[in-house]
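Down below is the structure, laid out as structure tokens.
Numbering of ligands and ligand atoms starts at 1, following listing order. Residue numbers run from 1 in the order of the sequence given.
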Amino acid sequence: MNDRSKKNAIALISGSGSNLQAIIDAAKNKEINLKIETVISNVPDAKGLKRAENENIPAFCVNNKDFSNRIDFDKNLLEEIQKYSTNFIILAGFMRILTPEFINQYKGLIVNIHPSLLPKYPGLNTHQKAIDAGEKWHGCTVHIVTEELDGGPLIIQGKIPINKCDDAKSLAARVLEVEHQIYKEALKLLISNELIYNNKKLWLNNEELKEPLEFKIK
Ligand code: GRF
């Protein structure tokens, strides 16, 4: 890995930040050629802020409660982010819906992880929804963020069976372990430019990626 191919990213979080930690660890282990420049949380006491501080990564909060509406919050967030020349914005458990104004400033450069096999179960409570629907399989997806909620082009998915004894909590814990494995794989491809977003589509080594890659669970 040479330093010219190193990319910068800003991570947005709202909570525990275990996905953030997995990405930081992958960068430290040189699995991905990425520098997380800053971590921003919309929740002041998010554990992920502490994780960032422990890794000497600048971290701060832009509290959505300080703003009366979504547009003003996103404007402020955007102003903070525009202070950096970042290559990617990594949503790692960021529980806010970004406005089109925000997304359009970073078209194709915002990545998210979602705890379901998209396009199934966008939005919240994905684990319970999958159990209630009697699904045999569940998992997680890394995708590009577009204006459509959890609806952008899908990069990679990790799939696990739903066990008879699973409840939403046990399933969430097993899916989270897979999340930690697949996010870095998606980032690896984006950082190396093997995977690019163009014309509302994803291109892997110049071929259109029509279906998400399937991550082989270790
Ligand atoms: C993950 O399940 C992520 O997919 C979802 O929120 C959770 C965040 O977990 N959007 P963490 O903060 O990364 O531990």
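Remark: ligand 1 atoms within the under-4.0 Å shell around heavy atoms of Pro115 are 4 (O). Heavy-atom contacts of Ser16 reach the following atoms of ligand 1: 12 (O), 14 (O) (cutoff under 4.0 Å).
Between the side chains of His180 and Ser18, a donor-acceptor pair is found at a separation under 3.5 Å.
For Gly48, the closest heavy-atom approach to ligand 1 does not fall below 4.0 Å.
A salt bridge links Glu135 to Lys120: one of the charged nitrogens lies within less than 4.0 Å of a carboxylate oxygen. Note on Lys75 versus Glu101: no salt bridge recorded, every NZ/NE/NH1/NH2 to OD/OE distance being 4.0 Å or above. Salt-bridge formation is not detected for the pair Arg174/Glu177: no Lys NZ or Arg NE/NH1/NH2 atom is positioned less than 4.0 Å from an Asp or Glu carboxylate oxygen.
Across the listed options Gly17, Gly15, Gly93, Gly17 owns the non-hydrogen atom lying nearest to atom 12 (O) of ligand 1.
Among protein heavy atoms, the minimum distance from atom 2 (O) of ligand 1 is reached at Glu179 OE2, 2.9 Å. When only non-hydrogen protein atoms are considered, atom 14 (O) of ligand 1 lies nearest to Ser18 OG, 2.5 Å.
Annotation: Lys129, atom NZ; neighbour count of heavy atoms from other residues, nucleotides and ligands within 6.0 Å is above 12.
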